[in-house]
Participant: 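Can you keep this structure in mind? I'll have questions shortly.
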There are 2 protein chains.
Amino acid sequence: MKNHEFYCLHSDLCKTLANPKRQLILDALRNGEVTVGDLVNQTGIPQANVSQHLSILRNKGIVVARRHGSRVNYSITNPKIIKAFDLISEVLNESLAGQSRTVNKAVGKTHLA
Amino acid sequence: MKNHEFYCLHSDLCKTLANPKRQLILDALRNGEVTVGDLVNQTGIPQANVSQHLSILRNKGIVVARRHGSRVNYSITNPKIIKAFDLISEVLNESLAGQSRTVNKAVGKTHLA
DNA sequence: TTGGTATATTGTCATATTCGAATATAAATA
DNA sequence: TATTTATATTCGAATATGACAATATACCAA
């Protein structure tokens with residue numbers, strides 16, 4: 001059993017990934033460096049909001065910024081982030097595929113939703 | 001580029017994983033079925049709170065409940081959940097190891113925290 | 001049926017997250 | 001220097017989340 005602090009760090013990292021807009025951004029960064037402006041265009045998210053999310057991702061060390069003239073290029077620091085992302089996609093797809101079977105079936109007469 | 005709904009489902013799933021207590025619980029379920037009572041003992045989390053978290057995990061299809069007498073056994077529905085969990089652990093460890101180098105270095109004179 | 005043990009749900013409050021609007025900063029250019 | 005373009009930060013309001021206490025439900029045994 002690992003310690004409490006580890007779980008906090010781990011879930012903190014997950015929490016950072018757990019936002020639809022940040023996922024859009026991460027997916028847009030999947031193939032390499034992209035500027036903020038391009039992220040705005042590709043995702044349709046307002047500029048200020050993109051910057052907010054990039055700031056969050058930066059602070060967690062998930063992305064890194066590199067200024068190039070007036071533009072700032074962002075990229076993902078660790079490719080395993082994308083691997084984890086894709087694994088969770090798989091879980092999601094399998095879950096969606098096998099839905100409505102035993103998954104949420106009631107147990108006994110409990111209220112188990 | 002995938003659609004918005006997919007990202008919402010995906011981040012919803014991540015969000016469910018993104019909680020230290022739920023991670024403790026998931027790690028305790030790593031090797032197979034465990035009863036609620038055992039989860040309470042192993043994690044030190046109060047019973048009501050464990051049930052709350054199990055309810056959340058159940059509703060997302062991450063764990064499944066099986067009643068056996070007066071006890072209820074929980075297990076993880078898809079082993080890939082654990083794989084994803086472990087991948088994120090790796091990212092975390094690598095991030096902790098390589099900390100304080102270039103990761104959060106300022107870019108230009110921006111306030112980039 | 002009564003009591004006891006195991007598990008689940010609800011209500012409430014404190015805290016955290018998210019977004020848009022407004023504003024600030026940096027670099028490029030006139 | 002003044003202006004424009006690119007990006008970042010701050011503030012405030014709405015909403016979501018998490019924890020505990022209290023209570024409810026299910027099953028078992030006497």
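Residue numbering restarts at 1 for every chain, and letters A, B, ... go by the order of the sequence lines. Computed from a predicted model, the values in this text were never measured in an experiment.
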Participant: State plainly whether the residues A/Asp27 and A/Arg30 are in salt-bridge range, i.e. N to O under 4.0 Å.
Facilitator: yes

Participant: Contact between A/Gln42 and A/Val34 at the side-chain level, heavy atoms closer than 4.5 Å - yes or no?
Facilitator: yes

Participant: Which atoms form the tightest heavy-atom contact between B/Arg22 and B/Lys15, and what is the distance?
Facilitator: NH2-O, 3.5 Å

Participant: Taking the minimum atom-to-atom distance to the side chain of A/Tyr74, which one of C/dA8, D/dT7, D/dA8 wins?
Facilitator: D/dA8

Participant: So which one's nearest nucleotide on DNA chain D is more toward 5', B/His53 or A/Val36?
Facilitator: A/Val36

Participant: Of the non-hydrogen atoms in B/Ser11 and A/Asn19, which two are nearest, and what is the gap between them?
Facilitator: CB-N, 3.4 Å

Participant: Check the angle between the aromatic planes of B/Tyr7 and A/Phe85 and answer parallel, tilted or perpendicular using the 30° and 60° thresholds.
Facilitator: tilted

Participant: I need the CG-P distance between B/Leu24 and D/dA19, as an integer number of Å.
Facilitator: 11 Å

Participant: Rounded to whole angstroms, how far apart are CG on B/Asp38 and C1' on C/dT5?
Facilitator: 14 Å

Participant: Please list, for nucleotides 15-17 of chain D, all pairs of protein and nucleotide N/O atoms separated by less than 3.5 Å.
Facilitator:
none

Participant: What N/O pairs connect the protein and nucleotides 20-23 of chain D at under 3.5 Å? Give each pair on its own line.
Facilitator:
from   : atom 1 : to      : atom 2 : distance (Å)
D/dC20 : N4     : B/Gln52 : NE2    : 2.6

Participant: Which atom names give the shortest non-hydrogen contact between A/Leu26 and A/Ile82, and what distance separates them?
Facilitator: O-CD1, 4.1 Å

Participant: Whole angstrom is fine here: how far is it from CG in B/Asn41 over to P in C/dT7?
Facilitator: 10 Å

Participant: Identify the two heavy atoms, one from B/Thr43 and one from B/Leu39, that lie closest to each other, and give their separation to 0.1 Å.
Facilitator: OG1-O, 2.6 Å

Participant: Expressed as a whole number of angstroms, how long is the span from B/Arg58:CZ to C/dT7:P?
Facilitator: 12 Å

Participant: How about B/Asn93 and B/Glu90: do any of their side-chain heavy atoms sit closer than 4.5 Å?
Facilitator: no

Participant: Output the rounded distance in Å from CD1 (A/Ile56) to C1' (D/dT9).
Facilitator: 12 Å

Participant: Determine whether B/Ile62 and B/Leu17 make a side-chain contact, defined as any pair of heavy atoms from C-beta on separated by less than 4.5 Å.
Facilitator: yes

Participant: Would you mind reading off the distance between B/Arg66 atom CZ and D/dA26 atom C1', rounded to a whole angstrom?
Facilitator: 17 Å

Participant: Among B/Arg58, B/Glu33, B/Arg66, find the residue that satisfies the side-chain hydrogen bond (donor to acceptor under 3.5 Å, both in side chains) test when tested with B/Tyr74.
Facilitator: B/Arg58

Participant: Rounded to the nearest angstrom, tell me the gap between atom CG in B/Asn59 and atom P in D/dG18.
Facilitator: 14 Å

Participant: Separation of B/Arg71 atom CZ from C/dA8 atom P, in whole Å?
Facilitator: 13 Å

Participant: Under 3.5 Å, which N/O atoms of the protein pair with N/O atoms of nucleotides 28-30 of chain C?
Facilitator:
none

Participant: Where is the tightest heavy-atom contact between B/Thr16 and B/Asp12, given as atom of each residue plus distance?
Facilitator: OG1-O, 2.8 Å

Participant: Where the side chain of A/Ser55 is concerned, which of C/dA26, D/dT9, C/dA8 is the nearest nucleotide?
Facilitator: D/dT9

